[in-house]
> 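Got a structure for you, questions after.
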2 protein chains.
Amino acid sequence: MTTTIKDIAKRTGVSHSTVSRALRGDPLISFATAKRIQQAAAEMAYLPSAAARSLKTNRSQVLGVIVSSIDDPFFSEIVFGIEEAAQESGYRLFIAASQHDPAREQKIVQAMMEHRTDGVIICSSSFSPDQGRQLLEYGFPIVVVNHQGAENFHYSIFHDDVDGSRQITRHLIDLGHRKIAYLGNSLSGRTTLDRLTGFKAEMQSAGLPVPAEYIHHVAGNSPQFGMDDSNYLLNLKQPPTAIVCFNDMLAIGVLKGCRRAGLNVPDDISITGFDNIIFSAYTHPPLTTFDQPKQSIGTEAARLLLDLLHSSPDGKVFQPKEIILKGRLLVRNSTAASPKEH
Amino acid sequence: MTTTIKDIAKRTGVSHSTVSRALRGDPLISFATAKRIQQAAAEMAYLPSAAARSLKTNRSQVLGVIVSSIDDPFFSEIVFGIEEAAQESGYRLFIAASQHDPAREQKIVQAMMEHRTDGVIICSSSFSPDQGRQLLEYGFPIVVVNHQGAENFHYSIFHDDVDGSRQITRHLIDLGHRKIAYLGNSLSGRTTLDRLTGFKAEMQSAGLPVPAEYIHHVAGNSPQFGMDDSNYLLNLKQPPTAIVCFNDMLAIGVLKGCRRAGLNVPDDISITGFDNIIFSAYTHPPLTTFDQPKQSIGTEAARLLLDLLHSSPDGKVFQPKEIILKGRLLVRNSTAASPKEH
DNA sequence: GCCTCGTTTGCACACGTGTGCATAATACTG
DNA sequence: CAGTATTATGCACACGTGTGCAAACGAGGC
């Protein structure tokens with residue numbers, strides 16, 4: 001059986017409460033006995049029961065992380081950042097993937113509640129408002145990352161997607177492109193809208209038209225969607241000379257779609273991504289994209305949540321807070337001067 | 001505050017033990033009162049405390065998953081498989097990334113013990129034997145996936161890497177290649193050795209020599225390593241006409257390295273990967289690789305562990321078990337007939 | 001040597017849930 | 001109707017840890 005503080009108490013001849021205090025470093029206990037107890041604990045390979053502690057203290061030292069999918073490298077990197085910050089403060093992560101499935105979201109929310117997670121970070125742009133409300137009502141401190149329903153939550157971390165998208169678009173305009181299309185992902189809620197907004201804004205300020213058929217949405221994040229739906233844009237009567245893709249995953253698919261259609265990137269058409277996932281440096285040609293500080297987003301989200309946790313006992317209500325991070329344009333080789341019209 | 005079974009007891013005028021039984025579906029409780037209690041519980045939005053339950057039952061309904069890194073798409077897909085199976089059986093996941101860092105591994109092991117995880121799945125090929133021993137001594141049921149130290153553990157899931165590597169190599173030999181190099185990842189322990197073994201075996205059975213300089217190892221899994229170290233192989237006096245890469249991540253980097261060196265894949269040189277991660281279909285050219293059933297590996301690992309958990313109370317000791325899964329060769333366009341010697 | 005004060009430890013209860021056992025309520029048998 | 005079998009419920013304790021409070025201990029001052 002696993003050793004408990006009672007076992008240690010028996011062996012050292014003190015009460016279990018003394019052991020508890022000694023191990024927690026309570027100054028009430030004399031240095032001599034504290035040391036004696038700690039040594040005994042080490043020898044007996046004692047490890048406290050998280051369940052018992054959590055039951056008593058009402059704190060689990062666990063942060064819930066809800067992400068739409070684990071196998072999306074964008075989210076993986078954010079999670080990586082979260083874990084760095086969490087582990088630094090002695091917190092553990094409870095990661096769950098919603099997979100855009102409401103039933104699954106329901107189960108996740110329930111599990112978070114049952115485990116009395118100390119707080120929750122939502123990274124799933126499509127997370128259902130109903131589930132969000134449930135979490136809020138339960139009293140969880142919540143930090144949302146790039147989330148569409150952010151108006152309901154008080155603490156959020158944003159990457160400035162509007163600005164990023166403007167920079168990407170400006171880059172293409174500067175290269176002489178005038179017929180630029182946008183390929184979005186309808187499942188990405190606010191994120192795709194922000195990027196679309198930035199795109200439109202920059203086009204407008206350059207006095208360039210954006211015909212309705214130049215804005216197209218797919219329903220998923222895999223390269224497959226990008227490849228399949230690139231046909232739609234390429235087969236338009238007036239095909240674009242550049243495509244601004246919602247993110248790198250789609251852009252990677254679009255690159256292949258173009259190649260299949262016999263188009264040379266970037267000579268015949270320019271393609272841009274967004275996020276700078278690791279693979280975007282290895283496509284052919286390497287992808288021009290917007291380098292989003294994914295890891296920082298994760299660590300900032302975790303730090304904000306931890307701040308919230310450690311200051312709430314004071315009873316003072318935190319001011320709503322919105323942290324906006326900026327990335328940088330990363331010009332590689334999938335963009336070039338607009339092809340001359342014949 | 002959160003509602004407890006005592007609150008429900010008060011409201012329904014029964015004792016808290018009756019509530020406990022009613023909610024657990026204990027047939028001791030009459031149908032009428034059980035229904036009444038369940039309804040009250042639903043109205044009061046009752047959710048059991050995982051901590052309390054786990055403390056009392058000594059079962060956490062949580063599986064620990066140790067993975068070397070989350071942002072490696074290969075592991076992500078395995079984790080995805082694990083989660084599918086776990087959630088089906090009402091288990092939750094406790095995921096932690098070791099990052100090849102012993103200090104981190106130590107913390108992870110400790111956390112798993114403190115949380116009294118019901119079992120552990122180790123997917124980190126470089127996981128330290130010391131930590132593994134500690135987990136074993138603690139009494140965790142453990143399932144290892146492709147792990148180097150599998151001899152110490154009784155239950156394991158393997159992909160038949162030796163066979164896969166032979167098939168890949170055979171494919172290249174059939175295409176007329178005679179000078180074939182192997183690029184491994186020294187951090188991947190047994191996995192890279194198995195693949196190297198298969199490679200050598202097939203070369204030998206074809207009567208082809210493998211000069212020592214044709215076997216090269218890098219120390220990491222990112223495409224960057226593949227790109228950087230491809231130079232070494234390409235600059236040999238007798239450069240190979242084909243490179244068998246440890247996995248897709250490295251192969252993706254090698255593809256870029258070849259392009260940089262002015263080589264055309266597959267006309268000048270053939271490249272193969274391993275794993276079939278999602279991006280391998282979108283490289284240029286699309287990567288010939290070995291399609292490993294990643295998701296199945298995950299679900300099988302989880303199922304094996306769950307079987308272990310549900311049968312151990314009988315006291316009967318399980319026979320050691322090793323499940324070997326097979327994948328299939330996936331020929332795409334990064335391999336072609338060996339270039340003619342001039 | 002008595003009182004006071006500060007330090008160190010133990011007692012007892014609490015957290016929320018599960019369960020063996022005793023007891024109360026009901027049904028059944030003769 | 002008494003006695004017994006059956007069913008339904010409650011009591012009390014347990015899981016491992018943390019903590020307010022009382023008690024024991026020792027030291028110092030007069």
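Letters A, B, ... mirror the listed sequences (proteins, then strands); counts begin at 1.
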> So among A:Q106, A:E105, A:Q110, which one has a side-chain hydrogen bond (donor to acceptor under 3.5 Å, both in side chains) with A:Q131?
A:Q106
> Tell me, which of residues 4-16 of chain B have any heavy atom that sits under 4.0 Å from an atom in DNA chain D?
B:G13, B:V14, B:S15, B:H16
> Please work out which residues in residues 34-47 of chain B have a non-hydrogen atom less than 4.0 Å from an atom of DNA chain C and list them by number.
B:Y46
> Would you mind reading off the distance between A:R24 atom CZ and D:dG16 atom C1', rounded to a whole angstrom?
13 Å
> B:Y91: what forms a ring-ring contact (aromatic ring centres under 6.0 Å, His included) with it, not counting sequence neighbours?
none
> Going by the side chain to side chain donor-acceptor pair (under 3.5 Å) test, which pairs reach into residues 66-78 of chain B, not counting sequence neighbours?
B:D72-B:N221
> According to the salt bridge (charged side-chain N to carboxylate O under 4.0 Å, His left out) rule, which pairs have a member within residues 129-141 of chain B, sequence neighbours left out?
B:D130-B:R133
> Give the rounded distance in Å between these two atoms: CZ of A:R116 and C1' of C:dG16.
9 Å
> Enumerate all atom pairs, one protein N or O and one N or O from nucleotides 20-28 of chain D, separated by less than 3.5 Å.
residue, atom, partner, partner atom, Å
D:dG20, O6, A:R21, NH2, 2.8

> Write down the distance between CD (A:E114) and P (C:dT17), rounded to a whole number of angstrom.
10 Å
> If I take atom CZ in residue B:R59 and atom C1' in nucleotide C:dT17, what distance separates them, rounded to the nearest angstrom?
16 Å
> Find out whether B:H115 and B:S60 are in side-chain contact, i.e. whether some heavy atom of one side chain is under 4.5 Å from a heavy atom of the other.
no
> Taking the side chain from A:S49 and the backbone from A:A52, do they hold a donor-acceptor pair closer than 3.5 Å?
yes
> Enumerate the residue pairs fulfilling salt bridge (charged side-chain N to carboxylate O under 4.0 Å, His left out) with a member in residues 34-44 of chain A, sequence neighbours excluded, ordered by first and then second residue.
A:R11-A:E43
> To the nearest 0.5 angstrom, please state how far the CD1 atom of B:I95 sits from the CD1 atom of B:I108.
11.5 Å
> Name all residues meeting the ring-ring contact (aromatic ring centres under 6.0 Å, His included) criterion together with A:F80; count only those two or more places apart in sequence or in a different chain, and write none if there are none.
none
> Kindly state each residue pair satisfying ring-ring contact (aromatic ring centres under 6.0 Å, His included) with at least one member in residues 42-75 of chain B, sequence neighbours excluded.
none
> What is the distance, rounded to the nearest whole Å, between atom CG of A:N58 and atom P of C:dT17?
12 Å
> Start at the 5' end of DNA chain D and walk down; is the nucleotide closest to B:I29 or to B:K56 reached first?
B:I29
> Please output the side-chain donor-acceptor pairs of residues 82-90 of chain A that fall under 3.5 Å, not counting sequence neighbours, one pair per line with the distance.
residue, atom, partner, partner atom, Å
A:E84, OE2, B:R104, NH1, 2.8
A:E84, OE2, B:R104, NH2, 3.1

> Nearest heavy atom decides the nucleotide; on that basis, is A:L55 or B:T18 closer to the 5' end of DNA chain D?
B:T18
> Five pairs per end, C1' atoms only: what is the angle between the end axes of the helix from C:dG1-D:dC30 to C:dG30-D:dC1, to 10 degrees?
60°
> Quick one: is C:dG16 close enough that its OP1 or OP2 comes under 4.0 Å of any side-chain N or O from B:R53?
no
> Which is true for B:S54 with a 4.0 Å heavy-atom rule: it touches a base, it touches only sugar-phosphate, or it touches nothing?
nothing
> May I ask you to verify if any side-chain N or O of A:S30 is less than 4.0 angstrom from the OP1 or OP2 atom of C:dT9?
yes
> Taking only distance into account, with no hydrogens and no angle test, what donor-acceptor pairs under 3.5 Å do side-chain atoms of residues 293-302 of chain B form with protein atoms, sequence neighbours excluded?
residue, atom, partner, partner atom, Å
B:K294, NZ, B:D275, O, 2.8
B:K294, NZ, B:N276, O, 3.1
B:K294, NZ, B:Q292, O, 3.0
B:T299, OG1, B:Q295, O, 3.4
B:T299, OG1, B:S296, O, 3.0

> Looking only at heavy atoms, what is the nearest atom pair of A:L23 and A:A41, with distance?
CD2-CB, 3.9 Å
> Do you know the tightest heavy-atom contact between A:L309 and A:D118?
CD2-O, 3.2 Å
